[in-house]
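As the structure is a computational prediction, the values presented were derived from the model and not from experiment.
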Amino acid sequence: MFDVNHDGRLDLNELAKVLPVEENYILKLKGRKQLSRSEMTGLFLHYDQDGDGKISGDELMALLRDLLQAEGKEEISLQQLEEYHQAILDLCDTNKDGMIDKEELTLLMSPSASK
C-alpha cells in the first residue's frame, strides 16, 4: 500500500507520505554536540503532534524517519524500520509504556546514545 514502487522497501519519500510530520526537525539540529533545553523542548513539541506529552505511534515513526534520514539512510525495508523502532524503545523507553516522553527523548538525543 505504501510501497509505491513495490520493491519491498520504503524509501523516505514513500514513508514521508504516511507520516504526519513534514519537516525534518532533526536536520536543523544536526552537528550539534549537545542540545540546549529550549532546543530539546522544541524538538519534543515538534514530534508530539497531539500534545499528549508522549511521542507514540505515527509521531514516533516520523521521528525515526527523520533520525534515519539525518544519518543518510534513504531507503529501508519494513523489517528494518520495525527493528529500528524496537531498538529506540529498548534503548530509551525507560518506563516501558511503548512511548517516548520528554526525558526519554533527551536520553535518545544525548551524545552517549549514538555510541
Side-chain angles (χ1 to χ4, degrees):
M1 177 179 195
F2 301 115
D3 183 15
V4 177
N5 61 5
H6 306 290
D7 65 354
R9 301 169 71 83
L10 285 181
D11 65 36
L12 289 177
N13 290 326
E14 292 166 333
L15 192 55
K17 292 177 183 166
V18 240
L19 299 174
V21 178
E22 304 222 358
E23 177 185 13
N24 188 334
Y25 201 87
I26 303 292
L27 289 177
K28 288 182 172 184
L29 305 172
K30 191 171 177 159
R32 296 211 170 98
K33 293 184 184 200
Q34 182 107 14
L35 298 180
S36 70
R37 180 171 280 158
S38 65
E39 288 171 328
M40 187 58 67
T41 297
L43 177 67
F44 184 79
L45 293 174
H46 181 79
Y47 290 98
D48 181 21
Q49 293 286 296
D50 61 9
D52 68 352
K54 302 280 186 171
I55 297 174
S56 60
D58 287 344
E59 298 166 337
L60 186 53
M61 295 303 274
L63 172 63
L64 177 57
R65 175 203 64 208
D66 289 353
L67 286 168
L68 291 168
Q69 186 180 41
E71 292 299 315
K73 292 179 172 59
E74 291 296 323
E75 227 179 78
I76 57 170
S77 69
L78 292 173
Q79 180 180 347
Q80 288 172 310
L81 185 63
E82 281 300 317
E83 288 170 3
Y84 284 120
H85 179 264
Q86 190 58 50
I88 284 178
L89 291 176
D90 290 345
L91 177 68
C92 300
D93 183 18
T94 57
N95 64 3
K96 303 300 180 203
D97 64 356
M99 299 178 270
I100 301 295
D101 61 29
K102 190 173 177 183
E103 183 177 309
E104 293 165 338
L105 181 65
T106 301
L107 175 65
L108 175 65
M109 298 306 293
S110 71
S112 60
S114 62
K115 292 180 181 175

**Student:** Name the residue from L89, T94, T106, L107 that meets the side chain to side chain contact (heavy atoms under 4.5 Å, CB included) definition with I100.
**Tutor:**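 The passing option is L89.
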**Student:** Are the side chain of D93 and the backbone N or O of D97 linked by a donor-acceptor pair below 3.5 Å?
**Tutor:**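 Yes: the side chain of D93 pairs with the backbone of D97.
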**Student:** Quick check for you: to the nearest 0.5 Å, what is the distance between H46 atom NE2 and E39 atom CD?
**Tutor:**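 If we round to the nearest 0.5 Å, H46:NE2 and E39:CD are 14.0 Å apart.
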**Student:** So, taking the atom named NZ in K54 and the one named CG in L105, what distance separates them when rounded to the nearest 0.5 Å?
**Tutor:**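 Here the rounded value is 12.0 Å.
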**Student:** Hydrophobic cluster membership, with links at side-chain heavy-atom distances under 4.5 Å among I/L/V/M/F/W/Y: are L63 and Y84 in one?
**Tutor:**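 Same cluster: L63 reaches Y84 through Ile, Leu, Val, Met, Phe, Trp or Tyr contacts under 4.5 Å.
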**Student:** Say whether, by atom type as modelled, one donor and one acceptor occur between the side chain of E104 and the main chain of N95 under 3.5 angstrom.
**Tutor:**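 Confirmed, E104 side chain pairs with N95 backbone.
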**Student:** With rounding to the nearest 0.5 angstrom, report the CG to CD distance, D58 to Q49.
**Tutor:**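 Answer rounded to 0.5 Å: 10.0 Å.
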**Student:** Walk me through whether Q69 and I26 qualify under side-chain contact (heavy atoms from CB on, under 4.5 Å).
**Tutor:** CA-CA 9 Å; Q69 186 180 41; I26 303 292; over 6 Å; no
**Student:** Enter the distance from M61:CE to L68:CG here, rounded to the nearest 0.5 Å.
**Tutor:**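 Interatomic distance, M61 CE to L68 CG, rounded to 0.5 Å: 9.5 Å.
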**Student:** Below 4.5 Å, heavy atoms only, C-beta onward: do K102 and T41 meet side chain to side chain?
**Tutor:**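 Yes, close enough: below the 4.5 Å cut-off.
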**Student:** Can you tell me how far CG of D90 sits from CD of E83, rounded to the nearest 0.5 angstrom?
**Tutor:**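 E83 atom CD to D90 atom CG measures 11.5 Å (nearest 0.5 Å).
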**Student:** Hey, what do you get for OG (S56) to CG (D101), rounding to the nearest 0.5 Å?
**Tutor:**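 So the gap between those two atoms works out to 11.0 Å.
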**Student:** Taking all atoms of both residues into account, what is the closest heavy-atom pair of M109 and M40, and its distance?
**Tutor:**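 So the two residues come closest at CB-CE, 3.6 Å.
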**Student:** If you look at every heavy atom in Y25 and Y47, which pair is closest and at what distance?
**Tutor:**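 Here Y25 and Y47 meet closest at N-OH, 3.4 Å.
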**Student:** Strictly by modelled atom types, are Q86 and E82 linked by a side-chain donor-acceptor pair under 3.5 Å?
**Tutor:**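 Side chains of Q86 and E82: no pair found under 3.5 Å.
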**Student:** Look at the side-chain heavy atoms of Ile, Leu, Val, Met, Phe, Trp and Tyr, link any pair under 4.5 Å apart, and say whether L43 and M99 land in one connected group.
**Tutor:**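 In one cluster: no.
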